[in-house]
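Below: one structure, written as structure tokens.
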Amino acid sequence: MSEAQQRAWTEVGPRMLIPVERDAASTSIREGSTIDPAAVWGRAAPLIVEIGSGQGHAIVHAATSRSDANFLAVEVFRAGLARTMLDADRAGLSNLRLVEANAPEVLEHLLPPASVDELWIFFPDPWHKKKHTKRRLVTAEFAALAASVLHAGGVLRLATDWQDYADQMRSVLDAAPGFTRAFEGDWAPRFGGRVLTAFERKGERAGREIRDLTYRRST
């Protein structure tokens, strides 16, 4: 981490980072570590969770734009979380919290059932080599975890610039119990609440189509 990121981790971390009990791994979450969102954020408000928040550009922008909502950034890379803290502190945000943890365990152990209004997965690691595709995040098992934390009517938003991953996401979620499409045609329109990030620019420069998907948690 840079000196500024290290300072943010030390000085801002205690205020913004959610402390969790670990299991075996440094980014795992012990079963039974469920939080009370109203207590964590100090208020009851819509909860928006971004999985794989990277350096936090998207979620900091969103939290700045929507003071009426609570935001949670989920990331395993400490430097990215530190950069998010740095930018959030500069913006004076009080509605953003972060957790250093594996996404599936956040959904399974940390967040209460039916507590999330929106779940965002923007440009997850595509693991584009054929031998690595089994490592991709969006699977049937992950879809079941996502459905468990979204309340009825809640929204799952996804975006990727890898066509075969977009196809996989759509196939998985079309078949997933508890989800229905919230778009017409082949792909959802670009989500207006997603700020243009370096990942999206990189995909566009490489000539890849950006694919959005939006699903709603059915009752």
Side-chain angles (χ1 to χ4, degrees), residues 46-66 69 71-77 80-81 83-84 87 96 98-99 102-104 106-107 111 116-129 132-147 149-150 153-176 178-218:
L47 177 57
I48 298 173
V49 179
E50 183 181 12
I51 288 174
S53 55
Q55 297 189 55
H57 299 307
I59 200 163
V60 169
H61 178 269
T64 303
S65 304
R66 286 200 56 186
F71 287 84
L72 176 63
V74 180
E75 182 55 71
V76 293
F77 295 110
L81 289 168
R83 173 59 189 269
T84 304
D87 290 345
L96 175 61
L98 303 87
V99 63
N102 301 321
V106 170
L107 302 186
L111 294 171
V116 176
D117 287 71
E118 293 193 18
L119 185 62
W120 297 351
I121 307 172
F122 298 149
F123 304 96
D125 194 326
W127 296 105
H128 58 275
K129 292 183 179 179
H132 291 155
T133 55
K134 63 184 178 181
R135 299 184 183 183
R136 286 175 172 173
L137 178 66
V138 182
T139 63
E141 293 77 15
F142 183 82
L145 291 175
V149 299
L150 283 164
V155 175
L156 173 62
R157 301 187 188 277
L158 310 98
T160 182
D161 58 330
W162 289 88
Q163 184 63 48
D164 66 321
Y165 199 4
D167 293 336
Q168 176 183 324
M169 289 175 173
R170 188 174 60 183
S171 295
V172 165
L173 290 163
D174 280 351
F179 283 110
T180 58
R181 285 191 181 191
F183 62 95
E184 297 180 357
D186 294 332
W187 307 102
R190 187 187 187 283
F191 172 45
R194 186 177 80 244
V195 68
L196 188 64
T197 64
F199 278 102
E200 190 162 353
R201 291 190 185 96
K202 183 178 178 181
E204 289 178 336
R205 286 197 302 269
R208 295 191 293 269
E209 293 282 345
I210 309 301
R211 300 300 193 191
D212 276 68
L213 291 165
T214 308
Y215 287 82
R216 193 169 298 280
R217 180 70 168 91
S218 50

Please check if the side chain of Arg211 supplies one atom and the backbone of Trp162 the other of a donor-acceptor pair under 3.5 Å. no
Between Tyr165 and Pro124, is there a donor-acceptor pair closer than 3.5 Å when you use the side chain of the first and the backbone of the second? no
Nearest non-hydrogen partners of [X] and [Y], listed with the distance:
X	Y	answer
Ala143	Val172	CB-CG1, 4.2 Å
Leu81	Ala73	CD2-O, 4.5 Å
Val116	Leu47	CG1-O, 3.6 Å
Leu150	Leu119	CD2-N, 4.0 Å
Ser218	Thr180	CB-CG2, 4.0 Å

Please list, chain by chain and in numerical order, all residues satisfying ring-ring contact (aromatic ring centres under 6.0 Å, His included) with [X], sequence neighbours excluded.
X	value
Phe183	Tyr215
Phe71	none
Phe191	Trp120

Who passes side-chain hydrogen bond (donor to acceptor under 3.5 Å, both in side chains) against [X], sequence neighbours left out?
X	result
Glu204	none
Arg157	Glu118
Arg208	Asp161
Thr139	Glu141

Test item: [X] and [Y] side chains (from C-beta on) under 4.5 Å apart, heavy atoms:
X	Y	answer
Leu158	Leu173	yes
Thr214	Val155	yes
Thr84	Glu75	no

Working to the nearest 0.5 angstrom, can you tell me the gap between Thr160 OG1 and Leu137 CG? 11.5 Å
When rounded to the nearest 0.5 angstrom, what distance separates CD in Gln163 from CD1 in Ile210? 10.5 Å
Under the salt bridge (charged side-chain N to carboxylate O under 4.0 Å, His left out) test, which residues partner Arg170, sequence neighbours left out? Asp167
Under the salt bridge (charged side-chain N to carboxylate O under 4.0 Å, His left out) test, which residues partner Arg217, sequence neighbours left out? none
Under 3.5 Å donor-acceptor pairs involving side-chain atoms of residues 48-64, not counting sequence neighbours:
residue : atom : partner : partner atom : Å
Thr64   : OG1  : Val60   : O            : 2.7

Residue pairs passing the salt bridge (charged side-chain N to carboxylate O under 4.0 Å, His left out) test where at least one lies in residues 183-199, sequence neighbours excluded: Arg190-Glu200, Arg194-Glu200, Arg194-Asp212
